[in-house]
Number of protein chains: 2
Amino acid sequence: LDYQHVQVPFEITLWIMLASLAKIGFHLYNKLPSVVPESCLLIFVGLIMGGIIYGLNDRSPPVMDSDIFFLYLLPPIVLDAGYFMPSRPFFENIGTILLYAVVGTIWNVFGIGFSLYGICQVKAFQLQDVSLLHNLLFGSLIAAVDPVAVLAVFEEIHVNEKLHILVFGESLLNDAVTVVLYKLFRSFCEMPTIKSVDVFAGVGKFFVVGLGGVLVGLSFGFTAAFTTRFTKDIRVIEPLFVFLYSYLSYLTAEMFHLSGIVAIISCAMGMKRYVEANISLKSHTTVKYFMKMWSSVSDTLIFIFLGVSTIGENHEWNWPYICFTVIFCLIWRALGVLVLTFFVNRFHVNTITSKDQFIIAYGGLRGAICFSLVFLLPDFHRKKLFIAATTVVILFTVFIQGMTIRPLVDLLAVKRKRESAPTVGEQIHIRFLDHLLAGIEDISGHWGQYYWKDKLEYFNSKYLQKILLREYDQPKSSIVLLYEKLERKHAIELAQAGQLGHGPAHPSFLIRCSAFLCSSTDRTVITDQKLEDTPNPDVLDNMQEILARNLYRIRRTGPAYNRHTLPGDSEPTEQAKEILILRHKSL
Amino acid sequence: LDYQHVQVPFEITLWIMLASLAKIGFHLYNKLPSVVPESCLLIFVGLIMGGIIYGLNDRSPPVMDSDIFFLYLLPPIVLDAGYFMPSRPFFENIGTILLYAVVGTIWNVFGIGFSLYGICQVKAFQLQDVSLLHNLLFGSLIAAVDPVAVLAVFEEIHVNEKLHILVFGESLLNDAVTVVLYKLFRSFCEMPTIKSVDVFAGVGKFFVVGLGGVLVGLSFGFTAAFTTRFTKDIRVIEPLFVFLYSYLSYLTAEMFHLSGIVAIISCAMGMKRYVEANISLKSHTTVKYFMKMWSSVSDTLIFIFLGVSTIGENHEWNWPYICFTVIFCLIWRALGVLVLTFFVNRFHVNTITSKDQFIIAYGGLRGAICFSLVFLLPDFHRKKLFIAATTVVILFTVFIQGMTIRPLVDLLAVKRKRESAPTVGEQIHIRFLDHLLAGIEDISGHWGQYYWKDKLEYFNSKYLQKILLREYDQPKSSIVLLYEKLERKHAIELAQAGQLGHGPAHPSFLIRCSAFLCSSTDRTVITDQKLEDTPNPDVLDNMQEILARNLYRIRRTGPAYNRHTLPGDSEPTEQAKEILILRHKSL
């Protein structure tokens with residue numbers, strides 16, 4: 001037995017396997033996931049696992065490594081979020097999202113930091129040794145809403161699209177603010193004196209970190225789109241580029257201390273439409289499927305690890321500090337949302353209702369990012385207190401808030417997500433209005449979102465598409481693309497309906513037919529299928545008709561087989577023409 | 001700049017990126033890959049890269065780590081090979097393949113080992129210090145034909161299926177023999193005296209290593225199939241299980257010093273038919289696509305690394321030893337194939353022609369497995385000589401034999417692969433004959449392959465399918481499955497043909513139509529599309545007709561969106577019925 005040799009991949013594979021099996025387990029009992037969010041269940045599994053490890057080894061189970069979290073587990077989830085981001089509501093609400101993400105997060109950081117510092121001044125609590133800076137540092141890591149936790153909970157409760165994008169967008173974009181503030185306070189903690197220059201440099205860093213992330217992301221995204229122009233002969237590695245370039249954008253951003261989350265989201269959103277047009281349909285299915293799969297597994301692993309890491313002796317318990325942390329997190333978030341929404345509502349026609357505000361405030365879940373950041377803190381004597389407080393806040397938000405948010409949404413009758421896709425009429429009207437508003441803004445000289453959208457679209461069709469798309473000769477309007485997609489879907493459904501159409505007798509006829517043809521020797525098959533009688537003339541006629549109608553010449557498979565293609569991947573134009581002729585004949 | 005932090009994933013991603021870009025580069029110039037096999041080009045790229053690294057750093061570039069090769073690069077390729085293995089020709093020729101793989105490899109090992117020992121006795125060559133055991137150890141690593149190299153070359157030359165499976169099957173199954181002999185001789189080298197017991201234990205190990213691998217693989221394969229029974233509600237992680245279980249089978253086999261290659265192949269072949277039936281169509285596309293992609297990238301990386309590792313100062317040059325190694329490799333393989341084929345042909349009706357024999361002997365390419373094994377040797381004073389000899393043999397076989405095998409196949413007019421798939425008639429007849437022969441073997445009491453195949457099939461339908469398949473109520477005969485597949489393909493083609501069918505005017509009509517609807521504001525789009533004229537009444541009529549014919553009610557998207565499903569993943573029965581009704585109406 002040579003376990004050492006295979007240990008690393010073996011244990012990784014086993015963890016992933018455990019996560020996947022846990023997921024299957026939950027879904028076997030349909031009632032459980034509808035009451036308790038999956039994230040809670042997974043943390044629970046993690047707690048049990050951690051308890052077992054702790055009990056067996058008699059020492060704390062390994063905590064989730066921050067490097068593993070930031071380098072391997074987080075990127076797939078954020079990539080998935082960025083790639084499937086509904087871009088229209090996101091850009092329509094970008095102002096509000098940024099306000100929540102930047103100002104809201106700063107508000108929370110300072111609010112929580114200062115008020116905890118106030119608590120530390122109470123002598124009875126024995127916390128006088130926690131300095132203001134340490135409290136602010138703690139505030140900076142506990143303030144940020146976590147995209148993984150938000151996604152896990154909000155995707156199950158189906159609130160309306162605007163509300164969803166407000167909470168989710170905030171949780172993604174606040175990463176830039178968190179990165180800057182966390183690093184700022186951490187370096188301040190280690191500096192002997194703080195000059196005002198440092199503070200201003202910190203403010204400047206916001207823009208560098210955020211915009212730098214966007215820039216890195218977009219450049220990798222466009223490079224990815226450009227690369228997929230040249231993959232026509234080697235379809236099989238197309239999906240790779242989507243993953244490689246987005247991961248590179250994340251790593252590059254992290255390398256330069258920019259916001260990796262912002263970078264990978266910009267990369268995914270930037271490349272999506274071009275890549276989608278360049279790569280084959282099968283490649284795109286693979287990309288989408290793998291992205292979902294990967295993020296789903298990462299997400300599961302994160303929550304399980306969160307549970308495992310909770311068990312152990314990393315905690316220092318101090319009732320007042322921990323309780324007040326939870327209370328301040330709730331209060332400052334609620335206040336922040338109220339104040340910011342007041343300003344937002346003054347400038348918008350579609351206001352955010354008070355119900356929505358409540359859900360936004362209540363949906364401020366904390367998760368694995370806080371947890372990893374608190375473990376990344378430099379060692380100092382109160383680190384274990386911070387770890388305990390962070391753990392409690394995470395468990396409180398995920399369990400209490402996560403489990404009650406669905407009943408609350410029901411109770412408040414928060415506007416739900418529209419369940420039907422917009423009709424073609426609606427889509428045409430939305431488009432019509434977009435153009436109209438762009439025209440009005442242009443004439444009135446107002447540089448609003450429609451104006452910019454129009455300009456971007458112009459820039460896109462004039463330059464970007466020519467560079468990034470393989471076949472630019474015929475720009476496909478979205479209605480043609482929709483039509484093609486529907487036609488494809490329809491065709492597949494027709495095929496399935498065709499089989500249904502011949503009634504339940506049809507497959508069995510074919511079976512009988514083949515059974516009949518092989519009846520002289522096909523002993524086992526026939527006895528198994530309980531084919532009671534030999535076919536009578538009626539059945540035979542029917543059979544012949546079905547065969548004549550359905551079995552057609554099997555087309556030649558091309559000689560083009562090689563390693564880089566899947567069977568049946570060849571260009572279908574030749575066959576399509578042939579079928580077209582057949583079809584015309586049959587009509 | 002914090003490079004240290006992201007170094008590992010960053011460099012891995014960059015290597016994969018380099019490999020993928022190199023692949024795209026070759027395929028941009030269509031003429032190059034048709035003359036030079038891709039493996040040669042990749043080694044060449046590796047040599048250049050290695051040269052650059054050597055030139056810049058002034059020290060040997062890093063050699064391919066054997067652990068990385070065996071744990072991460074080899075499994076995807078072997079998994080791909082096993083999953084897409086044509087099982088019928090493989091099992092029809094299993095006896096011949098095993099003979100080549102086991103007896104042939106042993107023959108080569110001892111032939112090369114003893115004759116090199118003979119060379120070492122020549123005083124003029126200054127090789128007297130290389131012992132017989134060391135020569136045999138070297139023989140054991142240089143004798144085995146490499147699946148990666150064989151696959152890379154043989155998939156481009158399209159020889160007939162039997163020839164392909166003979167060479168390829170041998171290269172896969174000889175792994176068990178190589179593992180045993182290599183480890184045996186290596187331990188003998190370190191032992192002071194060798195007892196005859198050890199030799200017998202070595203012989204016994206063959207069976208343990210090979211059959212143990214099969215056993216491990218099959219058990220993981222069946223577990224995988226069983227697991228996919230329960231993934232109906234969570235389709236998105238289905239592909240994961242295929243990869244996880246096969247990788248686990250490989251790692252487990254390696255852990256117990258069994259043959260990992262044999263294990264992963266058994267796993268893939270064992271699970272394929274059940275998994276395919278259990279998982280959704282999209283999942284299966286993803287599995288197939290990702291497997292191809294992964295193996296393609298691994299393969300590329302291996303050849304590039306092979307090139308990079310060649311450069312440097314790891315070599316000790318000794319003309320006679322190296323030249324005689326190449327010559328003996330060629331001679332002993334040729335002799336082995338001749339002798340073994342003589343016996344094989346005596347027991348078979350379909351004999352292996354002398355042309356085929358030549359190609360089998362000539363196609364014995366060596367590759368990265370030898371290379372990794374030679375670096376895994378314990379340090380002794382002639383290791384560098386062995387490395388040099390191995391490198392030369394690999395480069396000789398891949399470059400000289402790999403590049404000349406295609407012209408030789410043309411020259412000898414070796415029977416090529418049938419380019420068309422068998423017709424339904426042929427398939428039915430093959431099946432008929434199978435049953436007939438099984439019956440004859442049963443009556444005559446001969447336990448031949450048809451007899452066993454029939455028994456296996458019975459066991460499969462009686463027990464395995466009931467345990468491993470989700471919906472067992474209706475055993476689908478292969479002809480029904482084929483029919484369904486064809487129907488689906490046909491439907492997709494119809495959809496594409498439908499668009500072709502309305503002539504080239506059709507998409508532009510739709511564009512015009514949408515453009516017309518938006519013409520009041522859609523300024524940029526219209527100017528870009530150079531829509532010269534406003535639609536006249538004729539065109540409008542035509543347009544309306546097309547729209548009426550083609551645009552149908554967009555179906556409601558179900559409310560079932562959640563993290564674990566892709567959009568449009570819902571069960572299509574409801575829609576299929578609806579379409580069925582529409583279709584009946586239209587008929």
Side-chain angles (χ1 to χ4, degrees), chain A residues 6 9-10 13 17 20 24 27 71 155 230 233-234 236-237 240 244 247-248 251 254-255 282 285-286 289 292-293 296 419-421 428 435-436 439 458 461 477 479-480 487-488 491-497 501 507 510-511 514 517-518 521-522 524 556-557 559 562-563 572 575-576 579-580, chain B residues 6 9-10 13 17 20 24 27 71 155 230 233-234 236-237 240 244 247-248 251 254-255 285-286 289 292-293 296 419-421 428 432 435-436 439 458 477 479-480 487-488 491-497 500-501 507 510-511 514 517 521-522 524 528 556-557 559 562-563 572 575-576 579-580:
Chain A
V6 297
F10 197 75
T13 318
M17 185 72 99
S20 320
I24 289 189
H27 282 264
L71 291 182
E155 281 193 336
F230 304 102
D233 295 323
I234 180 159
V236 95
I237 58 169
L240 203 62
L244 285 181
Y247 193 42
L248 274 184
L251 292 177
E254 288 284 306
M255 197 159 72
K282 271 191 187 170
T285 305
T286 307
Y289 220 92
K292 282 270 167 224
M293 190 180 96
S296 169
E419 284 183 356
S420 57
I428 290 175
H435 288 295
L436 191 69
Y458 179 74
S461 64
S477 118
I479 205 166
V480 175
E487 190 79 342
R488 215 180 295 122
I492 292 172
E493 281 160 355
L494 265 184
Q496 283 159 340
L510 278 181
I511 289 173
S514 64
L517 285 166
C518 315
T521 50
D522 201 341
T524 58
R556 286 170 174 273
T557 54
N562 70 55
R563 289 213 71 185
Q575 298 186 345
I579 290 173
L580 184 65
Chain B
V6 297
F10 197 74
T13 319
M17 185 71 100
S20 321
I24 289 189
H27 282 264
L71 291 183
E155 282 197 333
F230 304 103
D233 295 323
I234 181 159
V236 94
I237 57 170
L240 203 63
L244 285 181
Y247 193 43
L248 274 184
L251 292 178
E254 288 284 305
M255 196 159 72
T285 305
T286 306
Y289 220 94
K292 283 271 168 220
M293 189 181 97
S296 169
E419 284 183 358
S420 57
I428 290 176
F432 175 84
H435 287 295
L436 191 69
Y458 179 74
S477 117
I479 205 167
V480 175
E487 189 78 343
R488 216 181 294 121
I492 292 172
E493 282 161 354
L494 264 185
Q496 282 159 340
L500 293 173
L510 277 182
I511 288 173
S514 64
L517 284 167
T521 51
D522 203 341
T524 57
D528 264 33
R556 287 171 173 274
T557 55
N562 70 54
R563 289 213 70 185
Q575 298 185 344
I579 291 172
L580 183 65

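Throughout, protein chains are lettered first and strands after them, A, B, ... in sequence-line order, and every chain is numbered starting at 1.
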Exercise for review: Heavy-atom distances under 4.5 Å only: say whether Leu244(B) touches chain A with side chain, backbone, both or neither.
Suggested key: both
Review point. So what's closer than 4.5 Å to chain B heavy atoms on Tyr247(A): side chain, backbone, both or neither?
Key: side chain
Review point. To the nearest 0.5 Å, what is the distance between CD1 (Ile237(A)) and OG (Ser20(B))?
Key: 5.0 Å
Review point. Roughly how far apart are Tyr289(B) OH and Lys282(A) NZ, rounded to 0.5 Å?
Key: 7.5 Å
Review point. Between Leu240(A) and chain B, which part of the residue has a heavy atom less than 4.5 Å away: side chain, backbone, both or neither?
Key: both
**Study point:** Closest non-hydrogen atom pair between Thr285(A) and Thr286(B), with its separation
**Key:** O-OG1, 4.3 Å
Study note, to complete from the structure: Heavy atoms of Pro9(B) and Leu251(A) approach each other most closely as C-CD1, 3.7 Å
Review point. At their closest point, which heavy atom of Leu248(B) faces which heavy atom of Phe10(A), and how far apart are they?
Key: CD2-CE1, 3.7 Å
Revision key, fill the gap. Heavy-atom closest pair (Met293(A) atom, Val236(B) atom, distance to 0.1 Å) is CG-O, 3.1 Å
